Amino acid sequence: MVNVLLAAATVLCVLGFAWLALAMDVHWKQVRNDQPSASTAKVLRVLGGLSLFVSLVLCLFTAHATMASLVWVMLLAASALIVAFTFTWRPRLFSLLVIWVKATN
Amino acid sequence: MFQNFRLSMAWLHTWFGLVLGFVLMAIFFFGALSVFDREIDRWAIPESRFAPQPMPSFDNLLKPIFADMQPGKADLDFVRDKVNGPLPERFDTVVTWGAYTTHRDPVLNIFAGYEVPNAKEPDVTVFSSRTIDPRTGVLFSDDQLKIGSGFFYPLHYSLNFHWMNLGYWIVGFSSLIMLAALVSGVVMHRKIFRELFTFRPKKSTQRSALDLHNLTGVVALPFHFFFAFTGLVIFAGIYFPIGHTQMKSLHDQHEVVEAQETGLPHDRAGVAAPVASVDAMVAEAQRRWAERGMAGEVGFLTLRHVGDANGYVSVYRAGTDRIALTGEGIHFKASTGELLREDPPSTVVASVNEFLTGLHLQHFRHWMLRWLYVLGGLAGCVCIATGFIFFVEKRKRQYAKEGSQNGRIVDAMAVTTVTGMLLATLGILIANRLLPASLPEGWPGRGDLEQYFFWGTWVAVMVHAFLRSAPVAQGKINPAWSEQCLALAVLAPVTVLLNWITTGDHLVKTISEGYWPVAGFDLAILVGGILAFIAARHLRRKGKGAPQDATDFADAEVQHG
Amino acid sequence: MSTSTLSARHVISRIGAGVLGGYAFVWGFIALGIAGLYALDVPFHDAEAVSNILGFLLFLTVFLWAFAARSVNRVWLVLVGGGLLMTGIATLIEQSLV
């Protein structure tokens, strides 16, 4: 159970950072050819922030709060690296995360 | 010193980073290895490749071993000049016996401290320590170097340079510089959030090195900051020994008060007394922990004033479920087993301190967090290494124009600390597997020889890096980078192969048996070798390619003064 | 940034101020913290721990300040003077307690 929760926390952390990054024009353009609308960017930021928060909550279920928060902080670092390197080498993978956003032009 | 704050921070970041970055690199790397120090010990001492053991019975197993212990020659050398006249043949007055283990230790570390008669100052103690197999009580040879906990780990915090404690001071100063480099780095970096996820390997080496420098520095910023900071806090007693110098009278006053409050005798009574069943005391301590809802194993067991009426036994819990390093110590009168004291819950300040030190010393049982720490440490290494590369790349045209050799020196030092350090690490592991179990009379100890191999390899690859550095003065890549990467790519599988040949523990066996301490280390070495091979190929291609275009980092110039 | 505007003497003075001056200042701070808190009935090791933790953060701050401040002489004055002053007060407190 603990392992499942930690795995979910990790996935959410990666998703969270990916959405936060996609809210930025530079990274959106690595994934899609159009522009995100202001409201889309906002939704992405909320989604991203929410995922990171839920990830923390999941961590808190797995261990003593001091240990759990430390795990989460270190997960943030690892996920940010994963997201950055995915944007470098396989940016199109992230198009799945914005598949619900209609093309604007 | 400069027109503005940003420029003064940039100066500080560049020059202090350059000078101490080499030390910091070693601190980060061997710190990352120390996360798995006990597992590396297993690899280095094949006789200890079995499952972690709980604290064994004191009455049946440990007591006779302790009773037989006496300080060895090396232990006596520490106190020889602290006594008037010769040292006695035997040491009979036991100040302390102790046994220490963790949830990752198959073997048990035990130590004994003896009062030294005729000492020039009071309270001089001579210590002796041994490693035993807790299942049988068989002693391990003193000659076997625990490469993880006995070499890489102390290298991490003292550089294994003990003359006048200088190693600690260099590490401490480097930690302060690490903190200063982090703050100044944040000040210099204008686009922390905008470029948080940015790495562009296809741009110039200078630009991509800066990207990677920023990326690894920023995403692991809390890790870098807290580890440098808590490292300083852990050794505060060495860096600011105020309690033992200026404030000694307050400290001593407090100790007397504390001894009264706790009821744990500070000195011997001078009346002989036997030791009751320690196993019963351990069982009672465990019962009391369980009562508090924190059942646990014993991590540290110690007896004070052994054989005296004032003797007492302290039982500490192995703190595997918390970050904070606490022991929940329970103390018993040695002669009767009567409960003397249970340590009260920590004060707020003590809890903060225990959290900060525990976060760094990691006694907890959490494998994922351990690996994340390794990642943090390696991110620190990448951050520092790319800092060097950026330094050289940024200045190489200017150096080439002026005919300056400065770039060569920095670059060769960078090779030495990046690939050179990895080669030295493989060097000690290979020496560990190749040296025979017993060496001819008159040779240095086996463990000493392994250490000589480590430093010897490091010096040799440094010489290589400097000898091959001429192209740097023309703005080209030092071929030592790719050559040493290639050496790593060859030696890494050789190391794993030697482990197989000399112990029979090949990866298929260790993985199928689930013996991860050895399998994990073998796999990590192999992954390192593969990465080195990719890097070697990449460097070779880049070395042959056209000179790079240097137009895409105009903004970097401004930032990095 | 051009290094030509920096005389070697000035740079060494800055580094000395940051490292040695900073050390003296933090020594004084920790000593004063231990003595002062102990006088206020804080247990010795708590006083020591809290002073150490804050002391290292203070060291970082004054070290950076030594390089950012306009006048290096003032840095020397504040850090060494302040360090000596705090060390002196700490000793006075200690003597009144023992």
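The shown structure was predicted, so the numbers you read here are calculated from the model rather than taken from an experiment. Naming convention: chains lettered A, B, ... in sequence-line order (proteins, then strands); numbering from 1 in each chain.
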**Request:** Locate the shortest heavy-atom distance separating B/Gln246 from C/Thr91; write the atom from each residue and the value.
**Result:** NE2-OG1, 2.8 Å

**Asked** Can you check side-chain contact (heavy atoms from CB on, under 4.5 Å) on B/Phe229 and C/Leu57, steps first, answer last?
**Response** CA-CA 8 Å; B/Phe229 176 59; C/Leu57 294 175; 3.7 Å; yes

**Between C/Val72, C/Leu64, C/Val19, C/Asn52, the one whose heavy-atom pairs under 4.5 Å with chain B are most numerous** = C/Leu64

**Request:** Assess whether atom CZ of B/Phe161 is packed by more than 12 heavy atoms of other residues, nucleotides or ligands within 6.0 Å.
**Result:** yes

**Asked** Which region of B/Val183, side chain (C-beta onward) or backbone (N, CA, C, O), has a non-hydrogen atom less than 4.5 Å from a non-hydrogen atom of chain C, or is it both or neither?
**Response** side chain

**Asked** Are any of the side-chain heavy atoms of B/Pro241 and C/Trp27 separated by less than 4.5 Å?
**Response** yes

**Item:** Which portion of B/Phe240 sits near chain C, non-hydrogen atoms under 4.5 angstrom
**Value:** both

**Prompt:** What part of C/Val26 gets closer than 4.5 Å to chain B, counting heavy atoms only: side chain, backbone, both or neither?
**Reply:** both

**Prompt:** Roughly how far apart are C/Glu94 CD and B/His251 NE2, rounded to 0.5 Å?
**Reply:** 12.0 Å

**Asked** Is B/Met247 close to C/Tyr38 at the side-chain level, that is, under 4.5 Å between some pair of heavy atoms?
**Response** no

**Message:** Take a 6.0 Å sphere around CG of C/Asp41 and say whether it holds more than 12 heavy atoms from other residues, nucleotides or ligands.
**Reply:** no

**Request:** Determine, stepwise, if the pair C/Tyr23 / B/Leu176 fulfils side-chain contact (heavy atoms from CB on, under 4.5 Å).
**Result:** CA-CA 11 Å; C/Tyr23 187 82; B/Leu176 177 72; over 6 Å; no

**Request:** Taking the side chain as every heavy atom from C-beta outward, state whether C/Val11 and B/Trp11 have any pair of such atoms under 4.5 Å apart.
**Result:** yes

**Message:** I'd like to know whether the aromatic ring centres of C/Phe63 and B/Phe16 sit less than 6.0 Å apart in this structure.
**Reply:** yes

**Prompt:** Considering only heavy atoms, which portion of C/Val98 lies under 4.5 Å from any heavy atom of chain B: side chain, backbone, both, or neither?
**Reply:** both

**Prompt:** Given a strict heavy-atom distance threshold of 4.5 Å, which part of C/Ala90 is in contact with chain B: side chain, backbone, both, or neither?
**Reply:** both

**Item:** Minimal non-hydrogen separation, C/Phe56 against B/Ala236, with atom names
**Value:** CE1-CB, 3.6 Å

**Item:** Contact summary for C/His45 and B/His254, nearest pair of heavy atoms
**Value:** CD2-NE2, 3.1 Å

**Item:** Atom of C/Ala31, atom of B/Ile242 and distance for their closest heavy-atom approach
**Value:** N-CD1, 3.8 Å

**Item:** Side chain, backbone, both or neither of B/Phe235 within contact of chain C (heavy atoms, under 4.5 Å)
**Value:** neither

**Request:** Answer with side chain, backbone, both or neither: which region of C/Asp46 has an atom nearer than 4.5 Å to a non-hydrogen atom of chain B?
**Result:** both

**Request:** Give, as side chain, backbone, both or neither, the part of B/Thr245 having an atom under 4.5 angstrom from any heavy atom of chain C.
**Result:** side chain

**Request:** Between chain C and each of B/Leu179, B/Val233, B/Leu250, count heavy-atom pairs under 4.5 Å; write down the option with the most.
**Result:** B/Leu250

**Complete:** Scanning both residues in full, the closest heavy-atom pair of B/Ser8 with C/Ala68 reads OG-CA, 3.7 Å

**Asked** To the nearest 0.5 Å, what is the distance between CD1 (C/Ile53) and CG (B/Leu232)?
**Response** 11.5 Å

**Under 4.5 Å from any heavy atom of chain B - which part of C/Thr87** = both

**Fill in**
Cut-off 4.5 Å, heavy atoms of chain C, and the answer for B/Leu12 is side chain

